Amino acid sequence: MAAVIAVIAVRVAWADDPLPVPGVAPQPQIVGGQAAAPAEWPWQVAIVVSGSTPAEGQFCGGSLITADWVVTAAHCVTAGNGAPLPTSVYYVQAGITTLSANTGAASNVVSAVVHPDFDSVTLDNDIALLRLSAPAALGGSVGLIVPLTPAFSTLAAPGATATVLGWGLLSEGGSLSDVLQEVEAPVVSNIACNAAGVLNGAVTSNMLCAGVLDSGGLDACQGDSGGPLVVPDGQGGWRLAGIVSWGIGCALPQRPGVYTRVSQYTGFITAHAGIFGGDLSVTKTATPDPVPAGGSLTYTLTVTNSGASSTSVVLTDVMPQGVVVASAIATQGSCNPGATTVCNLGTLSANASTTVTIETTLATTTAGVISNQATVAASSTDPVSSNNAATATTTVQSAKQVPGLTFWGLLALASLLVACLARRSITRRTEMTTQ
Ligand code: ARG
């Protein structure tokens, strides 16, 4: 029974090429890659047919995004009609680079969350989350990757160099690659990927393409499905930008590989795995508006965590020129007022808000419209941090102070007036006498 389902699972996982192009022969082997070093990509997991070793039964890849959630392709864990396979027919092996070495730890899957809009024909929304029966032991060769969020989607802009990982087939109808392969391929724009003669409109906005359009040569292939396409995060780490989904043949010119565009699924991932604790926003209310120059302005910044888990929050408020911060008081945590006010707000729970009240004084020379910008940065207390950030800008109309009529100023004006009138009457009198 299990064996039968297992065969189905394997066959389904490899059932590629939803849009075969006549005359284009598939080349089922990972192309242009090289062997990965052990522990180089610690979030990579193998999805394996139950009752077999990783070397015997690996059929898809996946990525650990928390200690107990793996993200993979929906088509890896569903039957041809899109219905989920029983989770008992496969398991997840983390901490493995060489399948035959059988290193790492196997975990059973307690539930598979297939995207509700997964389309098994077009492969739109090809994403599923697997919940492990127990959290993986993190450290060494087992680690996590942060899914790419819309705020960071430029990391996977067309032309960015992405890395694809997997144990895909080494020869047509042959055996799986024993050692994890890594392939670098540039991201191709959806427009170029969808062009006539390329993928002819089959690429939805939920998909991302990678490969070398003109010459081919760098691609994932059958058996790599569900595995990661990662991009550098610019800080020495990586983000999960894609999930190996489909292709026409492998590494052919004009046939880029197609991946699930992970940044489209922040909501889906949050709803189940809840890792985007730092889903922050900040709003600001200011009074009075306009504020007179030399007057004081009080404004309140409200930081909201609409993520699914608690997160620690640091708020930074950059003051415009001429603004002196009198005080900054946080309802939780503490602030250090200055030209840039920094408040350490501590931990903010999921779906909670907190406020910071700032009192400022405007320099008398300040006039016109001034604005200041507050940014909040968060680091999630979850094992995966999405380091989210948000900004709010308030524009405050500042009325320029009219030059004041001081006592001495009035006196000077008055004496000028008196002197002037006196001169006029003298002149007139002189004129009268000469006439
Ligand atoms: N559907 C394939 C699998 O299940 C992945 C195909 C990827 N093909 C490609 N040329 N990038 O393994």
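Sequential numbering from 1 along the given sequence is applied to the chain's residues. Bear in mind that the values here come from a model prediction, so they are computed numbers and not experimental data. As the structure lists them, so they are numbered: ligands from 1, and atoms in each ligand from 1.
In the model, Y259 has no side-chain atom that pairs as donor or acceptor with a side-chain atom of D126 under 3.5 Å. For the residue pair N102 and T53, no side-chain donor N or O sits within less than 3.5 Å of a side-chain acceptor on the partner. T122 and D124 share no donor-acceptor pair across their side chains, judged by distance under 3.5 Å alone.
For ligand 1, the atoms lying closer than 4.0 Å to a non-hydrogen atom of G247 are 8 (N), 9 (C), 10 (N). Against a heavy-atom cut-off of under 4.0 Å, C250 is close to the following atoms of ligand 1: 10 (N). Of all the atoms in ligand 1, the ones that sit under 4.0 Å from a non-hydrogen atom of G223 are 3 (C), 12 (O). When each atom of ligand 1 is checked for a heavy atom of S225 under 4.0 Å away, the hits are 1 (N), 2 (C), 3 (C), 4 (O), 5 (C), 12 (O). For ligand 1, the atoms sitting less than 4.0 Å from at least one non-hydrogen atom of H75 are 1 (N), 3 (C), 4 (O), numbered in the order shown with element in parentheses. Near Q222, the atoms of ligand 1 lying under 4.0 angstrom from a non-hydrogen atom of the residue are 3 (C), 6 (C), 12 (O). Interface of D224 with ligand 1, defined as ligand atoms under 4.0 Å from a residue heavy atom, comprises 12 (O). Those atoms of ligand 1 that come under 4.0 Å of a heavy atom in G257, given as number and element, are 11 (N).
Checked by atom type and distance alone, the side chain of N125 never pairs as donor or acceptor with a backbone atom of H115 at under 3.5 Å. At distances below 3.5 Å, not a single donor-acceptor pair connects side-chain atoms of T340 with backbone N or O atoms of T316. Here the side chain of S107 pairs no donor or acceptor atom with the backbone of L132 at under 3.5 angstrom. Looking only at distances, a side-chain donor or acceptor of Q332 sits under 3.5 Å from a matching main-chain atom of T347.
Not a single heavy atom of G168 sits closer than 4.0 Å to an atom of ligand 1.
Here A73 has no heavy atoms under 4.0 Å from ligand 1, in either its backbone or its side chain. Contacts with ligand 1 closer than 4.0 Å are made by no heavy atom of R255, backbone or side chain. Contacts between C76 and ligand 1, counted as non-hydrogen atom pairs separated by less than 4.0 Å, are absent for every part of the residue.
The shortest N or O to N or O distance between V244 and ligand 1 is not under 3.5 Å.
For the atom pair CG of L348 and OG1 of T354, the computed distance is 6.5 Å after rounding to the nearest 0.5 Å. Atoms CD1 and CG, from I47 and L130 in turn, are 5.0 Å apart once rounded to the nearest 0.5 Å.
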